[in-house]
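Structure, as structure tokens:
Just so you know, residue 1 is the first one in the sequence shown, and it goes up from there.
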Amino acid sequence: MAKAKAKKIKITLVRSVARTLPAQRRTVKALGLGRISSSVVHEASDPILGMVRVVSHLVKVEEL
């Protein structure tokens, strides 16, 4: 059987992490985001989607 291709998502930081909780800042950094408008592409796995949910008010997510 062929392995199903994992979906990819593009995560873009659209709001500043200033005045956010330290755990949210660490989550943004763990996702690979640094500055506003920085973007990363990740596979849509459960851990990544959970991290995105924690900082959903700071990021924009697009399905690729």
Side-chain angles (χ1 to χ4, degrees):
M1 274 182 13
K3 187 176 179 183
K5 186 175 178 184
K7 288 186 181 180
K8 299 246 183 206
I9 55 173
K10 180 179 178 183
I11 307 164
T12 305
L13 186 63
V14 293
R15 304 224 24 209
S16 173
V17 294
R19 299 183 183 175
T20 59
L21 297 172
Q24 292 173 345
R25 286 186 216 137
R26 289 192 302 267
T27 301
V28 167
K29 188 169 179 103
L31 283 169
L33 300 167
R35 307 172 172 242
I36 294 176
S37 298
S38 63
S39 297
V40 292
V41 175
H42 285 290
E43 288 187 9
S45 63
D46 287 341
I48 295 295
L49 294 176
M51 293 168 76
V52 168
R53 188 174 295 122
V54 168
V55 294
S56 62
H57 59 290
L58 302 174
V59 298
K60 177 177 79 171
V61 179
E62 302 170 45
E63 192 172 328
L64 300 179

Note: I9 and A44 closest approach over all heavy atoms is CG2-CB, 4.0 Å
Closest approach of L13 to R35 (non-hydrogen atoms, all atoms of both residues): CD2-O, 3.5 Å
Mind listing the closest non-hydrogen atom pair of K8 and E43 along with its distance? NZ-CG, 3.9 Å
Find the distance between OG (S39) and CD1 (I11) and round it off to the nearest 0.5 Å. 9.0 Å
Please set out all donor-acceptor pairs under 3.5 angstrom arising from side-chain atoms of residues 45-64, sequence neighbours excluded.
unit_1, atom_1, unit_2, atom_2, d
S56, OG, R53, O, 3.4

Flag yes if more than 12 heavy atoms outside R15 fall under 6.0 Å of its CZ atom; otherwise flag no. no
Between H42 (side chain only) and L31 (backbone N and O only), is there a donor and an acceptor less than 3.5 Å apart? yes
Taking every heavy atom of V40 against every heavy atom of L33, the minimum-distance pair comes out as CG2-CD2, 3.9 Å
